[in-house]
Colleague: 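I'd like to ask some things about the structure below.
We name chains A, B, ... by the order of the sequence lines, and we start the count at 1 in each one.
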Number of protein chains: 2
Amino acid sequence: MVSLAEMRAERPGTFSDGCPTRTVLDHVMGKWGVLVLVALSDGTQRWGELRRNISGISEKMLASTLKTLETDGLVRRTAYPEVPPRVEYALTDLGADLMTHVLPLMAWVADHAATMVERPA
Amino acid sequence: MVSLAEMRAERPGTFSDGCPTRTVLDHVMGKWGVLVLVALSDGTQRWGELRRNISGISEKMLASTLKTLETDGLVRRTAYPEVPPRVEYALTDLGADLMTHVLPLMAWVADHAATMVERPA
DNA sequence: CGGGATCCTGCACGATACTG
DNA sequence: CAGTATCGTGCAGGATCCCG
């Protein structure tokens, strides 16, 4: 499956209102979703690391974003019964597979963002 | 540039708060941005067509999303001085290039969305 | 250290009406 | 047909406090 036309032919109604794809899209593409996933592409990280690595995110949003992604099966949470507590987050296989497609997109954005924003109409 | 690590090494601070990439990311990955772009991947379309093809979008959001994407240089607007008015929207070369990276991602989402949502914790 | 609970605010977004 | 203008509102998301 390569083109949208093929995708549509095979799955009519995909991306229509109320379709699950919309939900997933909102989770993955939402303001913080991508950023968390990208951060985790660097490898397993602890809560505090994520908080520091994703500049601008609040604790609340980090918590809820992680929970959503965990429910979606993209992120795996591992808590160690120690004191002080230590919790690690990592991409699942599914999440890693997804990032295979997302990272090139991010690279493209990084390459073109300056051009797009600095060249106002 | 393939991995995030490489990207980071080359452009430190990319995706940090206030970075232009954040803006572009919000435009492209925003709730309606992707959907509009995906719709236009089918080819040039008129206002009314877009409105009908993107189920659930309001006139207001369609208007503002199109304007944003046009400013970003991803979408080209062509108005014909006729009566009744006719306006066509199409991807620019830049937009088409972007979709090269987005469509595979959308296909992935379409393939996995059902699995992700229907398998609740 | 890693969060959950709570409160509050802005603005993203929808609905409706009007115009060239 | 292709929009703008105006008005309301829900919820995303920030700030703060607290707890295991």
Colleague: Take the protein atom CG of B:Leu50 and the nucleotide atom P of D:dA2, then report the distance between them rounded to whole Å.
Modeller: 9 Å

Colleague: Is there a donor-acceptor contact under 3.5 Å from the side chain of B:Ser55 to the main chain of A:Asp17?
Modeller: yes

Colleague: To the nearest angstrom, how far is B:Met61 atom CE from D:dG8 atom P?
Modeller: 20 Å

Colleague: In whole Å, what is the span from the CD atom of A:Glu88 to the C1' atom of C:dG3?
Modeller: 16 Å

Colleague: Looking at A:Glu88, is its backbone amide N or carbonyl O close enough to the side chain of A:Arg46 to form a donor-acceptor pair, meaning the two atoms are under 3.5 Å apart?
Modeller: no

Colleague: Is any side-chain nitrogen or oxygen of A:Lys67 closer than 4.0 Å to OP1 or OP2 of C:dG4?
Modeller: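 Yes.
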
Colleague: Is any side-chain heavy atom of B:Val75 closer than 4.5 Å to one of B:Leu40?
Modeller: yes

Colleague: Need to verify one output field. Residue with the more 5' nearest nucleotide on DNA chain C, B:Pro85 or A:Trp47?
Modeller: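 Nearest-nucleotide comparison on DNA chain C picks A:Trp47.
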
Colleague: How long is the line joining CD of A:Glu70 and P of C:dG2, in whole Å?
Modeller: 15 Å

Colleague: Quick one: A:Ile57 CD1 to D:dA12 P, roughly how many Å, whole number?
Modeller: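 Rounded to the whole Å, the gap is 15 Å.
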
Colleague: Rounded to whole angstroms, how far apart are CG on B:Leu62 and C1' on C:dT16?
Modeller: 17 Å

Colleague: To the nearest Å, give me how far apart CZ (B:Arg86) and C1' (C:dG20) are.
Modeller: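 About 18 Å, once rounded to whole Å.
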
Colleague: Could you give the CD-to-P distance, from B:Gln45 to D:dA2, as a whole number of Å?
Modeller: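 Atom-to-atom, B:Gln45 to D:dA2, this comes out as 12 Å.
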
Colleague: Does any N or O in the side chain of A:Thr21 come within less than 3.5 Å of the main-chain N or O of A:Phe15, such that one atom is a donor and the other an acceptor?
Modeller: yes

Colleague: For a quick check of understanding: with a heavy-atom distance under 4.0 Å over all strands, which category does B:Tyr89 fall into, base, sugar-phosphate or nothing?
Modeller: sugar-phosphate

Colleague: Kindly say if B:Arg77 contacts the phosphate of D:dG3, meaning a side-chain N or O under 4.0 Å from OP1 or OP2.
Modeller: yes

Colleague: Counting only N and O atoms by type, is there a donor-acceptor contact under 3.5 Å from the side chain of B:Thr44 to the main-chain atoms of B:Ala90?
Modeller: no

Colleague: Verify the contact: side-chain N or O of A:Lys60 to OP1 or OP2 of C:dT6, cut-off strictly under 4.0 Å; return yes or no.
Modeller: no

Colleague: Using only side-chain N and O atoms of B:Arg46, determine if any of them is under 4.0 Å from OP1 or OP2 of D:dA2.
Modeller: yes

